[in-house]
Number of protein chains: 2
Amino acid sequence: MTETRKRDREATRAKLLEVARLRFAREGYDGTSVRDIARDSGVDPTLIFRYFGSKKRLFDEATATGEVPADLLDGPPEELVARMLRSVVFQDWSRYGGEHPLVAMLRSSAHEDTRQRIREEVCGTYVRALEELVDGPDKELRAELLSAWLVGIGILRSVVATPALATATSDDVAPYLAAVATSLLGRPMSGG
Amino acid sequence: MTETRKRDREATRAKLLEVARLRFAREGYDGTSVRDIARDSGVDPTLIFRYFGSKKRLFDEATATGEVPADLLDGPPEELVARMLRSVVFQDWSRYGGEHPLVAMLRSSAHEDTRQRIREEVCGTYVRALEELVDGPDKELRAELLSAWLVGIGILRSVVATPALATATSDDVAPYLAAVATSLLGRPMSGG
DNA sequence: CACTCAAGTCACCGTTCGATGACTTGAGGA
DNA sequence: TCCTCAAGTCATCGAACGGTGACTTGAGTG
């Protein structure tokens, strides 16, 4: 295993993106320098400008959310919230420093661009999907309240590292989640 | 009103702290320079080092959370959660750029110091107070789950600016909050 | 008035930042 | 073999960063 990855544009680009994802997630936009990313990638800093044009564009590409996880919308509706919990909070996000990309991006939320991208994904993916399940008035507000809870759990678990949540498993949380979701959505939800 | 506040150590210190609070909250630690703070304060940048020693110590002092709001722990227990909602989410936090200081500090959570201070306040103030109300097992986990919800609401409302929550009032949210709190704590809670 | 001492200012240090343009190196095809 | 063209490197820019020490200014006191 000689590890001679030299002179391979795509591999170098991919490596830069991988490292950028991790560092931007962990240290935020302002706390990460292009030299940091280049050093961790074993690459010359100026390649970043050749490949991405600017630090900002590297950030945008590195933190671009991929496709919506397909299995989120599949499966029984009464288990949607449980699936969201696993997808948002209890998945292996080690590529993003251990946090869901949305939570990681909050660290760069001093920049309006980033806030807007978070908003679009939260509203377009999570609120929209939950809204359809609401039985009763205030559909949007209820859906946002439930989304807020998922975001809050993700933050307290991985950023603040509150003792009980930091060590809890998906199965520990799911029952409480189901009860709350039932109450908020106005229809029975299951813990998955 | 001649606005000659010159040569007044305490007034200058206070002004620096006020501006620092706002900028650190809005732009985060890494996004704020001592020159920014000095310029907004109408003061020479080096005064910051004379008065506070370093940027870090200015940050610590500016973001130090004051006393726990006394009225949080007073009043009927069944309205505790409603009081917390008003105190955390729906208060006038314009001194901190419009967000609860804890939410604002999340923007600087790349630094472990900051994370630890957030943890101490969340656990020591909110989780602890809620824990005592829990009826049933998993006291700490349930209290953290409810705290997570308050944090999430604060974030979605002021940082992400999700449409329904951004325009909602305390009275719009309180009924849902009461229902969820009742379910999570295992005892009846009121919307305040 | 003259002195004093703290409040406030000035010039500048070394480092790091994002970014640029000219250069060198190396693999594949003729 | 040699030539080409893209991948990668080097030297360097101007600005901004946190921080320091020597200096100036101004209000209160004798």
Side-chain angles (χ1 to χ4, degrees), chain A residues 1-63 107-108 110-114, chain B residues 1-63 107-108 110-114:
Chain A
M1 188 139 169
T2 50
E3 190 69 33
T4 56
R5 277 281 178 84
K6 298 258 169 180
R7 298 265 157 182
D8 181 338
R9 180 187 177 93
E10 284 317 307
T12 302
R13 245 187 86 100
K15 179 72 180 171
L16 282 169
L17 279 172
E18 179 195 330
V19 170
R21 227 173 343 243
L22 199 82
R23 289 212 76 125
F24 280 136
R26 269 216 268 256
E27 322 281 348
Y29 182 84
D30 293 318
T32 302
S33 74
V34 296
R35 288 170 169 84
D36 289 336
I37 297 169
R39 192 182 319 113
D40 289 2
S41 307
V43 151
D44 191 278
T46 62
L47 271 186
I48 286 176
F49 300 100
R50 287 175 85 54
Y51 286 167
F52 301 96
S54 70
K55 178 188 180 183
K56 178 65 170 47
R57 281 210 280 270
L58 170 59
F59 175 82
D60 288 342
E61 190 160 337
T63 60
R107 214 161 268 140
S108 305
H111 306 269
E112 176 57 30
D113 288 5
T114 307
Chain B
M1 187 138 171
T2 51
E3 191 69 33
T4 55
R5 280 281 180 83
K6 297 258 170 183
R7 298 266 160 182
D8 182 337
R9 182 188 176 93
E10 285 316 306
T12 303
R13 246 188 84 101
K15 180 72 180 170
L16 282 169
L17 279 172
E18 178 196 332
V19 170
R21 228 174 342 245
L22 199 82
R23 289 212 75 125
F24 281 136
R26 268 215 269 255
E27 322 281 348
Y29 182 83
D30 293 317
T32 301
S33 74
V34 295
R35 287 170 169 85
D36 288 336
I37 297 168
R39 192 181 322 113
D40 288 3
S41 306
V43 150
D44 191 278
T46 61
L47 269 187
I48 287 176
F49 302 102
R50 286 174 84 56
Y51 286 168
F52 301 96
S54 70
K55 178 187 180 183
K56 177 65 168 49
R57 281 210 278 270
L58 170 59
F59 176 81
D60 289 342
E61 190 161 336
T63 60
R107 212 162 271 141
S108 305
H111 305 269
E112 175 58 29
D113 287 3
T114 307

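Below, read A as the first sequence line, B as the second, and so on, with proteins coming before strands; counting in each chain starts at 1.
- Between Phe24(A) atom CZ and dG18(C) atom C1' the separation is 12 Å, expressed in whole Å.
- The side chain of Tyr51(B) contributes no N or O atom lying less than 4.0 Å from OP1 or OP2 of dA7(C).
- For Leu47(A) and dT24(C), the CG to C1' distance is 13 Å, given to the nearest whole Å.
- Cation-pi geometry between Lys55(A) and Tyr29(A) is satisfied (NZ or CZ under 6.0 Å from the ring centre, within 45° of the ring normal).
- Across dG26(C), dA19(C), dC10(D), the shortest atom-to-atom separation from the side chain of Arg7(A) is found for dG26(C).
- The nearest pair of heavy atoms linking Arg26(B) to Arg107(B) is O-NH1, 3.4 Å.
- The shortest distance between the side-chain N/O atoms of Thr46(A) and the OP1/OP2 oxygens of dT9(D) is not below 4.0 Å.
- Rounded to whole Å, the distance from CZ on Arg13(B) to P on dG8(C) is 12 Å.
- In this structure, Ser33(B) does not reach the dA16(D) phosphate: none of its side-chain N or O atoms is under 4.0 Å from OP1 or OP2.
- Distance, Asp44(A) CG to dT20(C) C1': 13 Å, rounded to whole Å.
- Going from atom CG of Asp30(B) over to atom P of dA16(D) covers 18 Å, rounded to whole Å.
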**Prompt:** Yes or no on salt bridge (charged side-chain N to carboxylate O under 4.0 Å, His left out) for Arg39(B) and Asp36(B), after CA distance, side-chain angles and deciding distance?
**Reply:** CA-CA 5 Å; Arg39(B) 192 181 322 113; Asp36(B) 288 336; 3.5 Å; yes
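- Nucleotides of DNA chain C nearest to Arg35(A) and Arg50(A) differ in position, and the one nearer the 5' end is that of Arg35(A).
- Atoms CZ (Arg39(A)) and P (dG18(C)) sit 11 Å apart, rounded to a whole Å.
- Rounded to an integer number of Å, the gap from CZ of Phe49(A) to P of dA7(D) is 18 Å.
- The interatomic distance linking Leu16(A) (CG) with dA7(D) (C1') rounds to 13 Å, in whole Å.
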